[in-house]
Amino acid sequence: MTDTSDARTSVGRRTVLVATGATAAALAVGAVPRREAPTAEAADTAPVAAAAVCTLTKEMTEGPYYLDGQYVRADITEGKAGIPLKLTLTVVDDDTCVPLGNALVELWHADALGEYSGFVGNNGHTEPDSGTFLRGGVLTNASGVASITTVYPGWYRGRCVHIHVKVHTNVTLTADGSFSGGQELHTGQLFFDETITTAVARVSPYSTNRVTRTTLAQDSVYDDGGAASGLLTLTALGSSTSSGYAGTLTLGVER
């Protein structure tokens, strides 16, 4: 299952990813893959957008596995097995770095076996397909922060481990728990430190995925731009890989 439409493209809309720390040094740290995840306590601290350094970057294509009408919810796991991943994504205006409240941050990604809901079997595995697992979004709070719980993604043929992300504004919440309308401001992807992914790949159920893994350096979409290209800052949640990770990044969008 090769994500053939995920080739790198230039698009008209601008986006910016800015560091989640309070200084420019945080950007440099986020941009360089680490040997191991730190055990810092910063995962629960909301990024300070006013002190951030704005850096423009390209958007990325949504790929072939996007499905409309997903649920608005803070936990998208649906019981899928995998290493916990707690994401804190902050949305800001790229011109002013002012946080955007009430923006919908939507995510979708493969499970530990590299299968997308709605497309199970494309990576060679048989499992129940709800059409909704590991998909969904949440509205940002007044500080522009969206907190979403999921699992560390798996991999499939031709792509490194990644998460797809969209940012919408002015959406209407529907009675079935989904959303409609609004404006799509950003389509991008989130990436993971290769050293951490290597450790994750040794843990079940990831270790049962026999598909050859494309590394971050080999990926056709990620351009080695660090945080400016969607590389998350990962913080260990415990002393072992199985304990999981917190991932942070600030997404700046052009309104």
Side-chain angles (χ1 to χ4, degrees), residues 20 43-47 60 62-92 99-120 127-154 156 161-192 200 205-206 230 232-235 237 243-251 253:
T20 56
D44 295 328
T45 303
M60 296 177 183
E62 70 180 28
Y65 303 116
Y66 180 70
L67 293 175
D68 289 316
Q70 295 304 315
Y71 294 123
V72 177
R73 53 184 180 173
D75 188 331
I76 65 174
T77 58
E78 285 191 20
K80 294 297 291 186
I83 291 171
L85 178 65
K86 296 184 181 298
L87 294 170
T88 301
L89 305 174
T90 304
V91 181
V92 300
L100 270 63
N102 214 39
L104 184 82
V105 177
E106 183 184 16
L107 303 179
W108 70 102
H109 65 84
D111 67 7
L113 298 182
E115 301 286 354
Y116 280 88
S117 56
F119 302 89
V120 168
E127 59 184 85
D129 189 354
S130 66
T132 56
F133 67 74
L134 304 179
R135 296 179 182 271
V138 67
L139 293 170
T140 58
N141 63 19
S143 298
V145 176
S147 298
I148 299 175
T149 297
T150 184
V151 296
Y152 205 99
Y156 54 95
V161 170
H162 64 284
I163 291 177
H164 293 271
V165 58
K166 284 182 181 286
V167 177
H168 312 258
T169 56
N170 301 317
V171 301
T172 299
L173 301 185
T174 58
D176 63 355
S178 184
F179 69 95
S180 64
Q183 290 122 355
E184 182 183 309
L185 297 187
H186 171 64
T187 300
Q189 296 181 28
L190 309 176
F191 297 96
F192 295 79
V200 167
Y206 303 88
L232 291 162
T233 296
L234 297 173
T235 304
L237 293 175
S243 298
Y245 297 90
T248 59
L249 193 68
T250 300
L251 301 169
V253 296

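Source: prediction; values computed, not measured.
Counting non-hydrogen atoms of other residues, nucleotides and ligands closer than 6.0 Å to OH of Tyr71 gives a total of 12 or fewer.
The backbone N or O of Glu62 lies less than 3.5 Å from no partner atom in the side chain of Thr187, so there is not a single donor-acceptor pair. Judged by distance alone, the side chain of Ser243 and the main-chain N or O of Leu237 form no donor-acceptor pair under 3.5 Å. A side-chain donor-acceptor contact under 3.5 Å links Ser178 to the backbone of Gln70.
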Evaluate His164 against Tyr66 for ring pair (Phe, Tyr, Trp, His ring centres under 6.0 Å), listing each step before the verdict.
CA-CA 9 Å; His164 293 271; Tyr66 180 70; 9.0 Å; no
With side-chain contact (heavy atoms from CB on, under 4.5 Å) as the criterion, how do Leu232 and Leu89 come out once you've worked through the C-alpha distance, each side chain's angles and the decisive distance to 0.1 Å?
CA-CA 10 Å; Leu232 291 162; Leu89 305 174; 4.2 Å; yes
Mind running side-chain contact (heavy atoms from CB on, under 4.5 Å) on Leu100 and Val167 for me, showing each step along the way?
CA-CA 10 Å; Leu100 270 63; Val167 177; 5.8 Å; no
Leu85 vs Ile83, side-chain contact (heavy atoms from CB on, under 4.5 Å): CA-CA, chis, key distance, verdict:
CA-CA 6 Å; Leu85 178 65; Ile83 291 171; over 6 Å; no
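To the nearest 0.5 angstrom, Asn102 atom CG is 6.5 Å from Thr140 atom OG1. If you take NE2 on His162 and CD on Gln189, they are separated by 4.5 Å, rounding to the nearest 0.5 Å. The NE2 atom of His186 sits 9.5 Å away from the NZ atom of Lys166 when rounded to the nearest 0.5 Å. Taken from CG in Leu185 to OG1 in Thr169, the straight-line distance is 4.0 Å, to the nearest 0.5 Å. The line from OG1 of Thr172 to CG of Leu104 is 11.0 Å long, rounded to the nearest 0.5 Å. Atoms NZ and CD, on Lys80 and Glu127 in that order, are 3.5 Å from each other to the nearest 0.5 Å.
Scanning all heavy atoms of the two residues, the minimum distance from Gly82 to Tyr206 falls at CA-OH, 3.4 Å. Taking all atoms of both residues into account, the shortest heavy-atom contact from Pro99 to Ala142 is CB-O, 4.3 Å. When all heavy atoms are compared, the tightest approach of Ile148 to Val105 is CD1-O, 3.9 Å. Here the closest non-hydrogen pair linking Val161 and Phe191 is O-CD2, 4.1 Å. Heavy atoms only, all atoms of each residue included: Ala81 and Val151 are closest at O-CG2, 4.3 Å.
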For residues 128-139, which side-chain donor-acceptor pairs fall under 3.5 Å, sequence neighbours excluded?
from: Asp129; atom 1: OD1; to: Gly118; atom 2: N; distance (Å): 2.7
from: Asp129; atom 1: OD1; to: Gly131; atom 2: N; distance (Å): 2.9
from: Asp129; atom 1: OD2; to: Gly118; atom 2: N; distance (Å): 3.0
from: Asp129; atom 1: OD2; to: Phe119; atom 2: N; distance (Å): 3.4
from: Asp129; atom 1: OD2; to: Val120; atom 2: N; distance (Å): 3.3
from: Ser130; atom 1: OG; to: Glu78; atom 2: OE1; distance (Å): 3.0
from: Ser130; atom 1: OG; to: Thr132; atom 2: N; distance (Å): 3.1
from: Ser130; atom 1: OG; to: Thr132; atom 2: OG1; distance (Å): 3.2
from: Ser130; atom 1: OG; to: Phe133; atom 2: N; distance (Å): 3.0
from: Thr132; atom 1: OG1; to: Glu78; atom 2: OE1; distance (Å): 3.3
from: Thr132; atom 1: OG1; to: Glu78; atom 2: OE2; distance (Å): 2.5
from: Arg135; atom 1: NE; to: Ser117; atom 2: O; distance (Å): 3.3
from: Arg135; atom 1: NE; to: Ser117; atom 2: OG; distance (Å): 2.8
from: Arg135; atom 1: NH1; to: Tyr65; atom 2: O; distance (Å): 2.8
from: Arg135; atom 1: NH2; to: Tyr65; atom 2: O; distance (Å): 2.7
from: Arg135; atom 1: NH2; to: Ser117; atom 2: O; distance (Å): 2.8

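When the salt bridge (Lys or Arg N to Asp or Glu O under 4.0 Å) test is applied to Lys86, no partner is found at least two apart in sequence or on another chain.
At least one side-chain heavy atom of Thr150 sits less than 4.5 Å from a side-chain heavy atom of Leu87.
By the 30° and 60° cut-offs, the orientation of the rings of Tyr152 relative to Phe192 is tilted.
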